[in-house]
Amino acid sequence: MSSRITAALFLACVIILPPAVFAEDEPGISNLEPIPTIFVGEGFSTLTVEEIEQRMKENRNDAFTYLAIAASHFANRNYEAALSNIDEAIRIAPTSADNHAFRGLVYMNTGKFEESLVDLNQAMQLKPDSREVLCYRAMLYLTMSESEKSLADCEKLIRDFPAWSYWYYVRGTLYFYKHNLAKALADYDEGIRLEPENVILHYGRACTYAHQGDYVKALADYSEIIRLQPENADAIYNRAGVYLEQCELMKALADCNEAIRLKTDNTTYHYARAYIYCKQGEYAKASADYGEIIRLVSDDAQAYSARAYTHYMLKDYAKSLADLNEAIRLKPDWPDPYYFRNQTHEAMGNQAEAAADMQKYSELLDATPNPKSSAPSP
């Protein structure tokens with residue numbers, strides 16, 4: 001059985017990640033929340049619940065009070081209630097840019113991007129010099145994969161507010177995805193000059209260096225992130241990927257161990273460590289990691305197929321066959337397990353079964369447009 005299976009699985013994990021525009025645990029704009037939310041007006045954040053209730057008693061047509069209630073719901077991620085109160089605020093004050101900006105932000109968080117864009121454009125018309133509204137629209141375009149429009153808004157933000165480091169990160173990331181790594185690095189450098197301990201700027205620059213193959217500089221940035229945030233498991237994991245590129249297996253393993261200690265249930269980290277163990281010939285340890293992945297995600301066909309490889313290398317062909325059978329049951333149209341089961345059957349002397357699996361493998365490969373098999377062609 002070819003060891004390419006584990007390499008393919010590991011590469012599928014993309015251990016050197018591109019700059020993460022959004023938080024890993026949530027879709028949407030959650031990682032873009034450092035933008036100051038000034039849209040609700042002077043003194044808003046000092047209102048207590050009692051003051052809000054008193055203002056509501058005094059004047060049911062106080063749009064500002066509805067905004068305050070909406071903001072409370074928004075903070076608790078009760079978006080439906082937030083929208084209901086903002087709608088009321090807009091009914092009372094339809095020409096308030098703040099009201100439309102806030103509703104646009106809530107729509108953005110609920111995935112209603114077209115509705116969000118309508119409100120943000122309306123807010124921009126009502127308040128053309130609002131940097132907050134421009135921020136939200138730039139984020140929205142980024143979320144909608146409208147990179148050119150997001151870039152245009154970023155350009156204006158940077159031109160008008162050149163000391164605001166965050167937008168160098170956003171523009172740098174847009175350049176990164178446009179494969180203009182030189183401009184991406186220039187923006188990350190400028191952002192770091194303005195705010196030397198900004199983690200996301202170091203993260204973006206580290207990823208860019210890694211994609212350029214400048215692993216020494218990538219390591220320096222990841223190490224700086226870890227200095228600033230010693231329990232940043234993703235940075236530790238990414239640094240492991242750079243160590244692997246440098247063939248520093250022990251350092252990569254140490255980082256994977258630490259990342260797993262911090263995030264025990266992260267299957268990507270277990271895949272990475274299993275790959276390192278396979279590189280070291282530690283197949284029993286790799287098998288344990290794949291077993292942990294299966295415990296966490298019982299229908300992961302790739303984990304079964306990968307564990308089958310470790311059993312094969314340990315010459316435990318019966319276990320290898322059992323795992324491949326399960327991988328095929330879970331993902332019957334995936335060609336690779338048939339190839340590896342062919343190899344296992346051959347090792348067990350099951351020639352007829354081996355021939356049948358090779359036939360099936362070839363049929364599936366031929367039927368798959370642009371196949372990406374980790375098994376060699378027969």
Side-chain angles (χ1 to χ4, degrees), residues 19-23 26-42 44-45 63-64 66-90 93-174 177 187 191 198 200-201 204:
V21 179
F22 304 120
E26 279 187 277
I29 62 164
S30 53
N31 198 39
L32 294 174
E33 287 181 353
I35 305 305
T37 51
I38 305 171
F39 52 79
V40 289
E42 188 72 24
F44 167 77
S45 61
F64 186 81
Y66 282 106
L67 272 189
I69 296 170
S72 177
H73 288 306
F74 180 79
N76 292 313
R77 303 190 183 189
N78 187 347
Y79 299 130
E80 185 176 345
L83 282 171
S84 176
N85 280 277
I86 299 170
D87 286 345
E88 191 62 20
I90 290 175
T95 60
S96 166
D98 293 344
N99 293 351
H100 287 283
F102 195 2
R103 191 168 67 179
L105 181 63
V106 179
Y107 277 140
M108 203 184 330
N109 274 266
T110 59
K112 294 181 177 180
F113 301 140
E114 295 300 331
E115 292 90 335
S116 176
L117 185 58
V118 170
D119 266 322
L120 294 179
N121 284 338
Q122 178 71 10
M124 283 298 297
Q125 290 178 7
L126 294 166
K127 197 175 181 180
D129 61 345
S130 171
R131 71 174 184 176
E132 286 73 37
V133 178
L134 195 59
C135 287
Y136 299 141
R137 194 174 68 180
M139 289 190 289
L140 176 63
Y141 283 138
L142 193 60
T143 308
M144 297 171 73
S145 300
E146 295 272 7
S147 60
E148 292 300 328
K149 292 179 180 179
S150 183
L151 188 59
D153 280 348
C154 284
E155 298 280 3
K156 189 174 189 309
L157 283 161
I158 289 171
R159 185 181 71 244
D160 294 345
F161 310 101
W164 199 353
S165 66
Y166 184 77
W167 289 100
Y168 289 99
Y169 168 76
V170 175
R171 189 174 69 175
T173 300
L174 286 166
Y177 284 115
D187 272 340
N198 185 305
I200 60 169
L201 284 160

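Any value given below was found using the heavy atoms of this structure, including those in side chains, with hydrogens, waters and symmetry copies removed.
- What you find for N85 and A70 is that their closest heavy atoms are CB-CB, 3.8 Å.
- The heavy-atom pair separating L174 from C154 by the smallest distance is CD1-SG, 4.1 Å.
- Panel note: side chain S116, backbone L105; no donor-acceptor pair is recorded below 3.5 Å.
- Nearest approach of F102 to L67, heavy atoms of both residues: CD2-CD2, 3.4 Å.
- Formation of a donor-acceptor pair under 3.5 Å by the S150 side chain with backbone atoms of E146 is not found in this model.
- With sequence neighbours excluded, the residues satisfying side-chain contact (heavy atoms from CB on, under 4.5 Å) with T110 are Y79, Y107, K112.
- Looking at every heavy atom in both residues, Y166 comes nearest to I200 through CE1-CD1, 3.5 Å.
- Note that CG of N109 and CG of L83 are 10.0 Å apart. Values are rounded to the nearest 0.5 Å.
- Between A82 and H73 the shortest heavy-atom distance is N-CB, 3.7 Å.
- By the side-chain hydrogen bond (donor to acceptor under 3.5 Å, both in side chains) test, N121 pairs with R137, sequence neighbours left out.
- Here the CH2 atom belonging to W167 is positioned 5.5 Å from the CG atom belonging to L157, to the nearest 0.5 angstrom.
- Every residue two or more places apart in sequence or in another chain that forms a salt bridge (Lys or Arg N to Asp or Glu O under 4.0 Å) with E148 is listed here: K178.
- The main-chain N or O of A163 is never found under 3.5 Å from a side-chain atom of Y168 such that the two would form a donor-acceptor pair.
- Partners of S165 according to the side-chain contact (heavy atoms from CB on, under 4.5 Å) rule, which considers only residues two or more places apart in sequence or in another chain, are L194, E195, N198, L201.
- A152 pairs by the side-chain contact (heavy atoms from CB on, under 4.5 Å) definition with nothing, not counting sequence neighbours.
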Where do I90 and Y66 land on the side chain to side chain contact (heavy atoms under 4.5 Å, CB included) test, with the steps shown first? CA-CA 9 Å; I90 290 175; Y66 282 106; over 6 Å; no

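- Proximity of C135 to W164: side-chain heavy atoms (C-beta onward) are separated by under 4.5 Å at one or more points.
- The stretch residues 115-124 participates, sequence neighbours left out, in these salt bridge (Lys or Arg N to Asp or Glu O under 4.0 Å) pairs: R103-D119.
- With H100 contributing its side chain and P94 its backbone, the two residues share a donor-acceptor pair below 3.5 Å.
- Taken to the nearest 0.5 Å, the CD atom of Q122 stands 11.5 Å off from the CG atom of L117.
- Listed by chain and number, the residues in a side-chain contact (heavy atoms from CB on, under 4.5 Å) with S130 are K127, E132, V133 (sequence neighbours excluded).
- Here the straight-line distance linking atom CZ of R131 with atom CZ of F161 works out to 5.5 Å at 0.5 Å rounding.
- Partners of E155 according to the salt bridge (Lys or Arg N to Asp or Glu O under 4.0 Å) rule, which considers only residues two or more places apart in sequence or in another chain, are R171.
- Minimum interatomic distance between N99 and I86 (heavy atoms only, all atoms of both residues): O-CG2, 3.6 Å.
- Within the 3.5 Å criterion, the main-chain N or O of S72 finds a donor-acceptor partner in the side chain of N76.
- K156 is linked by a salt bridge (Lys or Arg N to Asp or Glu O under 4.0 Å) to D160, counting only residues two or more places apart in sequence or in another chain.
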